[in-house]
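Written out below as structure tokens is the structure these notes cover.
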Amino acid sequence: MKKNIAVFGTGCVGLVTAVGLADIGHNVTAVDTDLNRVKDLKKGYLPFYEPGLKKLMKSVLTAGKIRFTADSSRAVAENDVIFVAVGTPSRPDGRADLSQIRNAFDSIIENLDSGKTIVIKSTIPPGTVRSLQEQHSAELDAAGGQIVFCPEFLREGTAVHDFYHPDRLVIGSSSGEAARLVDDIFFPVAGKLDVPVLKCSPVSAEMIKYSSNVMLASRIAVVNELAEMSEAVGADIHEITAGVGLDKRIGGAFLQAGPGFGGSCFGKDVSGIVAAAEYHGVDLSLVREILTSNARQRQRPAVKLENAVGSLRGKRVAVLGLAFKAETDDVRGSAAFDVIEYLINKGAVVRAHDPEAEYNFIRAFMKKGYNCAGGVEEALRKADAVIILTEWELYKRLTPQPLIENMRGRIIIDTRNILNEKLFVNEGFTLFGTGRKEQKPKARSRNRSEFVNAAIVSM
Ligand code: UDX
């Protein structure tokens, strides 16, 4: 059944949710306090790169299924269901900063009337819905309003696909009626695909969200440590994860070793649950260790290069990939920060490239000693070594030729294991992957006439 829905927040989660809800048949008003962003969105300009979103946005805008506004009061007054998808970044002490949630709630509660349902999509620490309910109980009771927590599981880069193909729908609500309403809203997606719907208490839903990201982050942290071990004993991490993943209890997905996890969620949510646990007197020592381990992994590509060349002083290094993963222009939490920082602190000169994220990276990292090249070949020019950090298709398709033509050195640190090792080793490159033995070009074996000549000379 078609609903009138307001969505607060037009970041990746908010915008993909708003556009997706409009596309599956609802009347959507997307709200953002940033007037310039609202102006751009009205014209169909996206504030970030997300595959598939531009096309979908154009179709719902043209069909008049979505509108954009900065007028939050009106958006609340004119809609029955209010989604909240604003940011909940980390505070310096690791706790989630809920100020954007509070601001959104202030304008929602002020304009609350007759039975509206508030659906929180933003990731929030356990107990947040309970405390919002207590704080606004008078207004919620008077208006018959409900708060539901319905966590998002969208991955940047595949967020549009994930909206239409969720693994599950989690609805945390203390009201059966409000839970049914949210279930109905997502029926065109979840219902049609027979996606499992889990209805539970808000606090369990809050824990489900944090726990999911803890499980995923720990998986990557563990696989990266195993990769390190694998390098030490001469094993191959791909063979290891293939073997381990065949155990159905473990499964093979999300086991790709790399330069440590990044992004705006894993680090934030692991810190968030550790801080929330401390508040409740619980010591999540193992979970906390995920962050320490990951921080070390993010230095490893630069340390590997340093070990290979002796000293980084004066070395020219091409860094390919600034986004925290492929198919996004998001650099939040990207390993590129740690790697480039390490390199320039040790006196190297860095030329970086990314097909989508250069602008965002330069804005976030204003330091001397590096610049962005605007092209792969430009980044490779006169480089002593190249470090690949992001698994962009463009880099997967790299052949030895542009490296031979542009670089002066022959060292490759392929943190995502995306290059065909043999191809590069045969052309004289030394390749360091993640979780694999270093691959060196074989010393050229001398042919028969060389042996004969050598024998004549030594006589
Ligand atoms: C994550 C969760 O997956 C998503 O459900 C949640 O809603 C938001 O946080 P996202 O941060 O967009 O999504 O990206 P994700 O694909 O999960 O990758 C996170 C990081 O882990 C990236 O740095 C990625 O490169 C890394 N990663 C992922 C690995 O190193 N190996 C893997 O096998 C998978």
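Both ligands and their constituent atoms are indexed starting at 1 by order of listing. When a residue number appears, it is its place in the shown sequence, counting from 1.
- With hydrogens and angles left out, the side-chain atoms of Ser99 and Asp97 include a donor and acceptor closer than 3.5 Å.
- Protein residues with a heavy atom closer than 4.0 Å to ligand 1 are Glu152, Phe153, Leu154, Arg155, Glu156, Lys209, Asn213, Ile220, Phe254, Leu255, Gln256, Phe261, Gly262, Cys265, Phe266, Phe324, Lys325, Arg416, listed by chain and number.
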When the side chains of residues 181-198 are checked against the rest of the protein, which donor-acceptor pairs come out under 3.5 Å, sequence neighbours left out?
from: Asp183; atom 1: OD2; to: Lys199; atom 2: NZ; distance (Å): 3.0

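- Scored by the salt bridge (charged side-chain N to carboxylate O under 4.0 Å, His left out) test, Arg416 finds Glu391 as partners (sequence neighbours excluded).
- A search for salt bridge (charged side-chain N to carboxylate O under 4.0 Å, His left out) contacts involving Glu156 returns Arg332, not counting sequence neighbours.
- Taking the six-membered ring where tryptophan is involved, the planes of Tyr49 and Trp392 are tilted, since the angle between them lies from 30° to 60°.
- Between the side chains of Asn417 and His238, at least one donor N or O lies within less than 3.5 Å of an accepting N or O.
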